[in-house]
Amino acid sequence: MKRMLSGIKPSGQLTLGNYIGALKEFVKYQDEYDMYVFIANLHTLTVYQDPEILRKNLRDTVLLYLACGLDPKKTKIFMQSDIMEQAQLGFILSCNIYLGELNRMTQYKDKLSKGEEGLSSGFYVYPTLMAADILAYQPDYVPVGDDQKQHVELTRDVAVRFNNRYGETFKVPEPLIPKQGARIMSLSDPSKKMSKSDASDKGCIYLLDDPKAARKKVMSAVTDSINEINYDPKNQAGVANLLTIHSALSGVSIDVLVEQFKGQGYGTLKKAVADEVEKLLIQLQTSYKELLDQNILKEVLAQGKASAQGIAHATLVEVQTKVGIEI
Ligand code: ATP
Ligand code: LTN
């Protein structure tokens with residue numbers, strides 16, 4: 001069975017973008033692959049987090065994984081910081097990644113160009129830890145949204161470099177980007193990714209939003225003045241985003257939706273999208289509440305850790321032996 005691994009940062013409440021671009025895909029794949037999904041809690045610390053809020057986000061992230069349909073019997077669900085081998089491998093990999101490569105990371109360049117002050121060195125080396133998160137488990141595939149592709153490419157580069165320097169050690173994994181829904185855009189500014197760390201939450205649907213409030217966000221989504229329903233992400237980004245969300249949630253193809261909504265106003269499309277979003281949130285939140293009452297968090301994470309650690313440990317020992325730091 002081929003192996004698959006991915007992670008999500010608990011840097012805020014999970015969003016509809018995380019659901020469509022990542023979680024929904026993980027659930028789809030868990031029957032076919034040996035699946036590992038972790039909570040990237042160390043990565044979250046690259047930007048200051050209030051400890052109490054972070055603790056709540058950690059719990060909610062795990063519960064939402066389960067509410068979305070990840071089954072701990074099929075998917076190994078674990079906390080990044082529980083597997084110390086990952087961080088240790090991260091340091092060794094950072095010694096095989098050049099400063100120039102980190103300087104080229106778009107996430108870093110974006111923050112720099114916006115003149116963000118107080119960027120931590122942890123933020124800068126973030127991709128080196130991500131490479132270790134992945135390579136420690138020797139996966140075949142890494143399902144991620146579009147924004148993470150560059151990080152997975154760096155991971156591939158360091159795997160190949162390490163294998164050339166020290167002999168075949170790492171499997172070179174492939175990113176798996178959904179054909180549709182890999183980048184859900186903000187409802188209030190469809191030129192930007194829907195992001196959980198956005199200052200304003202008008203354009204972002206959180207999976208734990210009150211379903212009625214989420215409806216309102218969809219109904220006030222920014223569109224355009226063309227007043228025609230087409231799938232044209234370049235010129236009609238807002239409408240294309242609404243069609244993408246509808247299609248991802250309803251399973252109806254975008255072509256069929258365009259045909260179905262032809263000649264109708266944006267209000268009708270928004271209402272249909274709002275119905276889909278509301279339905280999803282009600283279903284997820286019902287499940288979330290049931291799971292909350294069951295108090296199963298610690299058990300799920302302990303089980304995930306027990307299944308994951310052996311693999312990461314074996315990789316680390318092999319790496320340490322190959323680089324010469326073990327006698
Ligand atoms: P932030 O919004 O704070 O930058 P993030 O949501 O991008 O964080 P993660 O929570 O770690 O970061 O992302 C988890 C997964 O969700 C990744 O695979 C990412 O590519 C995907 N993802 C995040 N936002 C979107 C989006 N708007 N559309 C599609 N996929 C997304
Ligand atoms: N960088 C990712 C989260 C992440 C991840 C990973 C994803 C950390 N380690 C390993 C896939 C595999 C993000 O910000 N979305």
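As the structure lists them, so they are numbered: ligands from 1, and atoms in each ligand from 1.
Salt bridge present: Lys212 and Glu278 bring a charged side-chain N and a carboxylate O closer than 4.0 Å. Under the 4.0 Å criterion applied to side-chain N and carboxylate O atoms, Asp275 and Lys279 are not assigned as salt-bridge partners.
Among protein heavy atoms, the minimum distance from atom 31 (C) of ligand 1 is reached at Gly17 O, 3.4 Å. Looking from atom 20 (O) of ligand 1 to the surrounding protein, the closest heavy atom is Asp147 OD1, 2.5 Å. Considering only non-hydrogen protein atoms, atom 3 (O) of ligand 1 sits nearest to Ser197 OG, 2.5 Å. Of the protein's heavy atoms, Gly145 N, 3.0 Å lies nearest to atom 18 (O) of ligand 1. Scanning the protein heavy atoms around atom 27 (N) of ligand 1, the nearest turns out to be Ile184 O, 2.8 Å. Closest to atom 6 (O) of ligand 1 among all protein heavy atoms lies Asn18 ND2, 2.9 Å.
Here Tyr288 pairs with nothing under the ring-ring contact (aromatic ring centres under 6.0 Å, His included) rule; sequence neighbours left out. For Ser81, the side-chain hydrogen bond (donor to acceptor under 3.5 Å, both in side chains) partners are Asn41, not counting sequence neighbours.
Lys76 forms a cation-pi arrangement with Tyr36, by the criterion of a distance under 6.0 Å to the ring centre and an angle within 45° of the ring axis. Relative to the ring axis of Tyr206, Lys196 does not place its NZ or CZ within 45° and under 6.0 Å from the centre.
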Anything under 3.5 Å between a donor and an acceptor, one on a side chain of residues 301-314, the other on a protein residue two or more places apart or in another chain? List them.
from	atom 1	to	atom 2	distance (Å)
Ser307	OG	Gln303	O	3.1
Gln309	NE2	Glu85	OE1	3.2
His313	ND1	Glu85	OE2	3.0

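Using the six-membered ring where Trp is involved, His151 and Tyr126 have ring planes that are tilted, between 30° and 60° apart.
Between Arg55 and Glu52, the closest heavy-atom pair is NH2-OE2, 2.9 Å. Scanning both residues, Asp133 and Gln86, for their nearest heavy atoms gives OD1-NE2, 2.9 Å.
Between atom 7 (O) of ligand 1 and the options Lys196, Lys9, Lys193, the minimum heavy-atom separation is to Lys193. Checking Gly12, Pro178, Pro10, Ala182 against atom 29 (C) of ligand 1, the nearest heavy atom belongs to Ala182.
Summarising the geometry, atom OH belonging to Tyr98 is positioned 5.0 Å from atom CZ belonging to Arg161; distances are rounded to the nearest 0.5 Å.
Close to ligand 1: Gly181, with a non-hydrogen atom less than 4.0 angstrom away.
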Check ligand 2 for close polar pairs with the protein: N or O on both sides, less than 3.5 Å.
from	atom 1	to	atom 2	distance (Å)
ligand 2	1 (N)	Tyr126	OH	2.2
ligand 2	1 (N)	Gln148	OE1	3.0
ligand 2	9 (N)	Asp133	OD2	2.7
ligand 2	14 (O)	Tyr126	OH	2.4
ligand 2	14 (O)	Gln148	NE2	3.2
ligand 2	15 (N)	Gln148	NE2	3.1

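Under 4.0 Å from ligand 1, the heavy atoms of Ser11 that appear belong solely to its side chain.
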